[in-house]
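Report on one structure; see the data block that follows.
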Amino acid sequence: MPLAAGAAKAYDKRMETSPQVSILHRGDLLTVSIGGSWKMGTPLPSQAREALAAVRTGGARGLLLRCEALAAWDSSLLVFLMQLVRAAQERDLDIRRELPHGLERLVQLAFAVPAKQGASRTVRQQGIVADLGTAVLALPGKLGEFAAFVGDVTLALLRFLTGRSQMRRQDLLTAMYECGVLSLPIISLTSLLFGLILAFVGAVQLTQFGAQIYVAGLVGIGMLRVMGAVMVGVVMSGRVGASFAALIGTMQVNEEVDALSTLGISPIDFLVLPRMLALTLMVPLLTVYADLMGILGGFFVGVAMLDLSALEYLNATVRMVSFSHGIIGLSYAVVFGVIIALSGCYQGIRCGRSAQAVGKATTTAVVHGIVGIIVATAIITVLCNVLKV
Amino acid sequence: MDVLAPAPPAASSPRISVRNLTVGYGSYVLMRDVSFDVARDDVFLIMGGSGCGKSTLLRVLMGLKEPQAGQVFYGETDFWACTPRERRQLMQRTGVLFQGGALWSSMTLAENVGLPLQQYTGLSQAEIREQASLKLALAGLAGFEDYYPSEISGGMRKRAGLARALALDPEILFLDEPSAGLDPVSSRLLDDLILELRDTLGTTFVIVSHELASIFTVASNSIFLDAQTRRVTAAGNPSLLVNDPHTEEQARRFLTRGASGTSAASGPGAARNDA
């Protein structure tokens, strides 16, 4: 090597900065000489491609690789050599290498462990119909898995009700604090603004008939009956559902869930149940709070912009809104709490063992949570309509 | 086949017996026909190259993964034929040290060690705290009771994991690569602790490890899993295996860091002639 490097210095500058390849046919023997300086990123000379083509299609029966005034080189030269050697191997050429010691060792090392049969993967492209079919076929399995999880949670709930649960009270309290108390600021802001928006939208139409007092009923009934619960559901899905999935998913990655299992502690009892109970309890409570904040938002619009007096607005609210609206709203909230907790915890528990899997679990938890909330809202609304409540 | 025969039977019945175990994922089989016995006073090593299924085999023994075929006996009880509740009861008699420690990150070290006690003993909070301090002190972590796992180093996390595994004074301790990530001195201290615990508390150890120094220091019995044939190709005390000319080649290469490989390459036939 030092000799080659020294010789290279004597060459002109251009020689030093570009890779050189020369091809020589002599009878059955194809000689490829390599020289110059090989750096990743510098384009290969056209002779490099010609050399490969000569090996692949030429009539030679032997290949001689040699170096001539080779200066600096890196992996780019190695890749080129590997391509040549592999092409020559495919055509059963007799390969001879006269390479510097270091380069020869690396080529040997690269071929030392043969590629494992079946280890390299090919991505199979299939049509959109086939993709759809695969997804549909996978559905029963996925639904079965989810049903098993719901079953596990139900059993855990039964254990809790009969006092045999391994859940710790302090975990339940912590979960309640985290999804209840810590959510108050964001719930305050969103539902206050939502009440304002409802009042504005209603006022545009109602003032045309001089019926702006009905804004109170619109906001009151709207918030209490469904919008309060939906607001809380969507916010909690993003805030709490995602955090459940990420937390339990990371515990899977760190083998913390396994550590619980090996101690004979059920992860469902210990991790899922407290979060499930906390959300089922806190979402309705937060909904009551959100309803009040929404009515407050409507109240601001009514008093400040619609020339209603404070007492007038509150009186109208009390007159038009009935208790049953609140009860229906709470039943939405209970269902939402269960949906958010189930999707968050389920995605966490079945999370794979990588950082990427945790990210996917978190996203899926939020998406499923919100879609679940909207679907449940539709179902309950239709149900209420049919039952005339 | 005679190399596969388990070590000579111990005076008492074995703590764990594994019979014709096949482990794998779906249709992919990692290991088949694994059989061995772990005696009461054994420090049992599961050895093998990377990716040969050591950790998966350990997961089957610990009750985290169902085997595809075969049985695991804890004493007389067929572990995987039990109901889940019976299996959980058996699992309470074992302790596990995971590769990264697997401490519960939302709890302090004392709470980590105390949780099994809180779940399974009627001890008061103060007694649990005492027990936790003792176990942490045994692992060399006295004074770190109120630290969170994220606040201590990787080696300390590992030792805290060991303290937690010791919490219920288990009969069997499973260690998954205990010395990985430890400096040589800590690794040596851990080896001493393992032998100490076996001699004083009578704990049986089942260890998955790569580290030769540690293997030769602690192991009293072992199996070697071969990734190529997917079988147990050597069994016995590693210190004897390494000098035994009948030991299967891959196992001897493993135990000598590949040093015996050159002689093997020159002629397995020569070895046969010697025999």
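Letters go in sequence order (proteins before strands), and every chain restarts at 1.
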| A:Ile128, CD1: over 12 other non-hydrogen atoms inside 6.0 angstrom | no
| task | Could you look at B:Phe174 and say if it's the side chain, the backbone, both or neither that has a heavy atom under 4.5 Å from chain A? | result | neither
| Of the backbone (N, CA, C, O) and the side chain (C-beta and beyond), which part of B:Ser106 lies under 4.5 Å from a heavy atom of chain A, both, or neither? | neither
| remark: Shortest non-hydrogen pair, B:Gln99 vs A:Glu255, comes out as N-OE1, 3.7 Å
| task | Side chain from CB out, backbone as N, CA, C, O: work out which of these in B:Arg93 comes under 4.5 Å of a heavy atom of chain A, or both, or neither. | result | neither
| task | Would you check, one step at a time, whether the test side-chain contact (heavy atoms from CB on, under 4.5 Å) holds for A:Phe270 with B:Leu115? | result | CA-CA 11 Å; A:Phe270 198 79; B:Leu115 180 69; 3.6 Å; yes
| field | Residue B:Arg59 versus chain A: region with a heavy atom under 4.5 Å | value | side chain
| remark: To the nearest 0.5 Å, atom CZ of B:Phe98 lies from atom CD of A:Glu256 at 10.5 Å
| Region of B:Gln89 that comes under 4.5 Å of a non-hydrogen atom in chain A | neither
| field | Top contributor to chain B interface from A:Asn254, A:Thr174, A:Asp258 [non-hydrogen pairs under 4.5 Å] | value | A:Asp258
| Run the side-chain contact (heavy atoms from CB on, under 4.5 Å) check on A:Thr262 and B:Leu64 step by step: do they pass? | CA-CA 7 Å; A:Thr262 53; B:Leu64 289 175; 3.8 Å; yes
| query | Considering residues, nucleotides and ligands other than A:Arg105, do more than 12 of their heavy atoms fall under 6.0 Å from its CZ? | reply | no
| Within 6.0 Å of CZ in B:Arg129, more than 12 heavy atoms from elsewhere | yes
| said: Can you tell me which portion of B:Leu90 sits under 4.5 Å from chain A's heavy atoms? Options are side chain, backbone, both or neither. | reply: neither
| said: So which residue, B:Gly100, B:Pro116, B:Pro170, ends up with the most heavy-atom pairs under 4.5 Å with chain A? | reply: B:Pro116
| field | B:Ala102 versus A:Ala259, closest heavy-atom pair with distance | value | O-CB, 3.8 Å
| field | Residues B:Gln119, A:Ile265; criterion side-chain contact (heavy atoms from CB on, under 4.5 Å); working and verdict | value | CA-CA 8 Å; B:Gln119 288 281 342; A:Ile265 300 174; 3.7 Å; yes
| field | Under 4.5 Å from any heavy atom of chain B - which part of A:Gln252 | value | neither
| task | Answer yes or no: does atom CD of B:Glu130 have more than 12 heavy-atom neighbours from other residues, nucleotides or ligands under 6.0 Å? | result | no
| Heavy-atom count around A:Phe111 CZ within 6.0 Å, excluding the residue itself: above 12? | yes
| Is the number of heavy atoms from other residues, nucleotides or ligands under 6.0 Å of B:Tyr147 OH greater than 12? | no
| said: For A:Gln356, is the CD atom crowded, meaning more than 12 foreign heavy atoms sit under 6.0 Å from it? | reply: no
| field | B:Glu76 CD: over 12 foreign heavy atoms closer than 6.0 Å | value | no
| Could you state the interatomic distance from CZ (B:Arg88) to OG (A:Ser266), rounded to the nearest 0.5 Å? | 6.0 Å
| By a 4.5 Å heavy-atom criterion (distance strictly below it), what part of A:Leu247 contacts chain B: side chain, backbone, both, or neither? | neither
